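Encoded as structure tokens, the structure appears first; notes follow it.
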Amino acid sequence: MTVKRRPKVIIIGAGTGGLCLAHGLKSDGIDVEVFERDRSATDRQGGYRLSISATGAAALRDCLPARVFDRLVASSADPSQGITFVDHRLNRLLAIDFPHGDRNDPDAERPITRTALRRILLDGLDAITQFGKTFSAFADNPDRSVTAHFEDGSTAEGDVLIGADGAASRLRSQLLPQARRVETDVLAINGRFPLDDDNRAIIPLPILRGPTPVLGPDGGFLFASAVQYLHADGNRPADWDISPEERQAFVMWGFSARRKAFASVDLDKFDGEGLKDVVRARMQGWHPALMRVVDMADPSTVSAFAVKTSVPIGPWATRNVTLLGDALHNMTPFRGIGANTALRGAAVLRSALSAWARGAQELIPALAHYEREMIEYGFGAVQTSLGDMERFHAEGSLSRFRVKAALRAADWIPALKARLRRGR
């Protein structure tokens with residue numbers, strides 16, 4: 001498919017991957033439009049933390065204008081000092097120190113809230129991004145272009161259509177009806193609370209240092225992490241207005257367990273305080289400091305969800321409609337790599353579309369290369385995440401012992417610890 005006029009790309013979804021891709025295409029001189037079902041940039045954007053890894057940062061640096069990337073660095077929280085695995089009594093299992101503590105280091109971890117990240121990624125894209133546009137279907141045109149239809153009756157036409165519309169992607173359901181997203185047997189409840197001088201002293205130190213996975217008895221699992229801005233002010237550009245809400249230090253936590261651990265409890269019927277009670281009941285015998293972390297959560301921030309995962313599929317017939325990020329390879333949250341995998345995909349897809357736009361490659365072969373790579377690394381990440389979920393929620397005493405023994409061994413053997421550090 002050779003395009004003689006200036007090519008145009010339509011992106012459905014103004015999430016992390018879609019906006020990163022839009023920046024890259026715009027910088028390459030490709031006409032691009034983004035359509036998002038949310039009514040505004042802050043709709044459904046909880047303040048929870050994403051952690052941009054070296055892989056994600058490389059994709060952002062590749063696609064974003066330098067000015068926008070600098071703002072991302074300025075708005076990110078302090079890099080974590082490390083990750084610490086503990087048991088439910090706060091006994092150390094494995095501690096991995098992160099080597100990059102300088103927030104200006106290109107490989108430094110960059111914790112950032114979803115709200116702040118979307119705000120930054122929209123910088124420079126306002127003119128090409130439309131909110132309140134719920135995608136309904138796409139249709140092929142005689143000239144080989146494709147038209148996206150929206151629920152409000154409007155349409156958008158382009159040479160390429162990208163579904164970056166998240167785990168419940170409508171575009172995926174039309175393009176690849178065989179691609180399934182299924183529930184695991186794990187349920188999760190999460191919450192958060194502001195971190196301040198009054199409560200800092202009672203927060204377990206590993207949580208203040210960084211991500212803290214807690215392996216409890218009977219398949220119970222708690223994840224907690226602090227987001228702090230102790231050293232960020234000196235790095236902020238003078239013209240970058242960061243709201244107090246975006247710079248509020250906080251602690252986030254999530255408790256998860258197998259469905260049967262919740263018996264016949266219908267989590268949908270509980271308000272925030274009721275969900276905290278559900279977690280408390282399943283943390284009896286845990287260290288009091290961990291119980292306090294749950295107790296301090298603002299009930300308005302507490303929610304529950306069923307953990308889901310995509311089912312890997314093989315290659316399909318490539319056409320001028322494709323997918324990005326969670327729209328295809330949605331994964332559990334237990335590895336924390338979903339956003340970074342989407343960013344990696346955005347950089348690869350940008351490269352493919354740019355090669356097509358400048359005439360270096362035909363469209364279908366370029367997209368086919370992207371899709372083959374995406375299937376390999378995307379579903380690889382899905383399986384890695386699912387494997388961590390299974391390990392963290394091992395129920396039998398022997399299985400639990402093996403997981404803890406492996407973590408303790410890695411804590412004592414430098415080569416194993418170095419391998420885990422490289423794979424984080």
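From a predicted model like this one, the values you see are computed outputs, not experimental measurements.
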Between V214 and L90, is the side chain to side chain contact (heavy atoms under 4.5 Å, CB included) condition met? List the steps. CA-CA 8 Å; V214 185; L90 279 178; 5.7 Å; no

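- A distance of 7.5 Å separates CG of D298 from NZ of K276, quoted to the nearest 0.5 Å.
- Annotation: side chain of L363 is in contact with side chain of L353 (closest heavy-atom distance under 4.5 Å).
- The two residues S80 and F98 have their closest heavy-atom pair at O-CD1, 3.4 Å.
- For the pair P217/H88, a side-chain contact is recorded, criterion being any heavy-atom separation below 4.5 Å from C-beta on.
- What you find for R92 and V86 is that their closest heavy atoms are CA-CG1, 4.1 Å.
- In this view, R400 satisfies the salt bridge (charged side-chain N to carboxylate O under 4.0 Å, His left out) rule with no residue, not counting sequence neighbours.
- Enclosure of atom CD in Q178 by more than 12 non-hydrogen atoms of other residues, nucleotides or ligands within 6.0 angstrom is indicated.
- Residues passing the ring pair (Phe, Tyr, Trp, His ring centres under 6.0 Å) test with H393, sequence neighbours excluded: F221, F334.
- Side-chain atoms of T184 and K308 form no donor-acceptor pair, as typed in the model, at a separation below 3.5 Å.
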Under the side chain to side chain contact (heavy atoms under 4.5 Å, CB included) rule, what do F138 and H149 come out as? Steps first, then yes or no, please. CA-CA 6 Å; F138 66 83; H149 294 262; 5.9 Å; no

Does F262 form a side chain to side chain contact (heavy atoms under 4.5 Å, CB included) with R259? I'd like the steps, not just the answer. CA-CA 6 Å; F262 295 94; R259 282 181 178 274; 5.6 Å; no

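- Ion pairing of R408 with D411 is absent here, as no side-chain N (NZ or NE/NH1/NH2) approaches a carboxylate O to less than 4.0 Å.
- Checked against the 6.0 Å centroid threshold, F135 and F35 do not count as a close aromatic pair.
- Remark: D271 pairs with no residue by the salt bridge (charged side-chain N to carboxylate O under 4.0 Å, His left out) rule, at least two apart or across chains.
- A distance of 8.0 Å separates CD of Q81 from CG of D97, quoted to the nearest 0.5 Å.
- Between the side chains of T318 and R372, not a single donor N or O lies within less than 3.5 Å of an accepting N or O.
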Is there a side-chain hydrogen bond (donor to acceptor under 3.5 Å, both in side chains) between S385 and T332? Walk through the geometry before answering. CA-CA 6 Å; S385 174; T332 80; 2.4 Å; yes

Mind running salt bridge (charged side-chain N to carboxylate O under 4.0 Å, His left out) on R67 and D123 for me, showing each step along the way? CA-CA 10 Å; R67 173 184 58 83; D123 185 14; 2.6 Å; yes

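- The minimum heavy-atom distance linking S40 with R118 is given by the pair O-NH1, 3.6 Å.
- The closest side-chain heavy-atom distance from V294 to L290 is not below 4.5 Å.
- Of the N and O atoms on the side chains of S303 and N190, at least one donor lies less than 3.5 Å from an acceptor on the other residue.
- In this structure, the side chains of M296 and I202 come closer than 4.5 Å at one or more pairs of heavy atoms.
- In the model, T322 has a side-chain atom that pairs as donor or acceptor with a side-chain atom of E371 under 3.5 Å.
- If you run side chain to side chain contact (heavy atoms under 4.5 Å, CB included) between R110 and each of L50, I52, D78, only I52 comes through.
- Here the CG atom belonging to N320 is positioned 8.0 Å from the CG atom belonging to L161, to the nearest 0.5 angstrom.
- Among residues two or more places apart in sequence or in another chain, the salt bridge (charged side-chain N to carboxylate O under 4.0 Å, His left out) test is passed with R344 by none.
- Results of the side-chain hydrogen bond (donor to acceptor under 3.5 Å, both in side chains) test with E151 over R37, K133, R170 single out R170 as the only residue that passes.
- The shortest non-hydrogen separation linking R350 to C63 is NH1-CA, 3.6 Å.
- The closest side-chain donor-acceptor pair between R200 and Q228 falls under 3.5 angstrom.
- No side-chain N or O of T147 forms a donor-acceptor pair with one of T155 less than 3.5 Å apart.
- A side-chain donor from one of D28 and S354 sits under 3.5 Å from a side-chain acceptor of the other.
- Proximity of P315 to I375: side-chain heavy atoms (C-beta onward) are separated by under 4.5 Å at one or more points.
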Is there a side chain to side chain contact (heavy atoms under 4.5 Å, CB included) between F193 and N199? Walk through the geometry before answering. CA-CA 10 Å; F193 59 88; N199 60 26; 3.9 Å; yes

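- With a 6.0 Å radius and a threshold of 12 heavy atoms from other residues, nucleotides or ligands, R292 has its CZ atom above the threshold.
- Considering only residues two or more places apart in sequence or on other chains, D218 meets the salt bridge (charged side-chain N to carboxylate O under 4.0 Å, His left out) condition with none of them.
- When side chains are defined from C-beta on, I12 does not count as touching I162, because their heavy atoms never get closer than 4.5 Å.
- Taking each heavy atom of V34 and A22 in turn, the nearest pair found is CG2-CB, 3.8 Å.
- No side-chain heavy atom of S256 sits under 4.5 Å from any side-chain heavy atom of I189.
- Using modelled atom types and a 3.5 Å distance limit, the side chains of S53 and N340 yield a donor-acceptor pair.
- Shortest non-hydrogen contact noted between L121 and H23 is O-NE2, 2.7 Å.
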Verdict with reasoning, E273 to R280, per salt bridge (charged side-chain N to carboxylate O under 4.0 Å, His left out): CA-CA 10 Å; E273 195 60 46; R280 291 186 191 104; 3.2 Å; yes

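- With sequence neighbours excluded, no residue satisfies ring pair (Phe, Tyr, Trp, His ring centres under 6.0 Å) with H287.
- Contact of the R192 side chain with the W253 side chain is not registered, since no non-hydrogen atoms from C-beta on lie closer than 4.5 Å.
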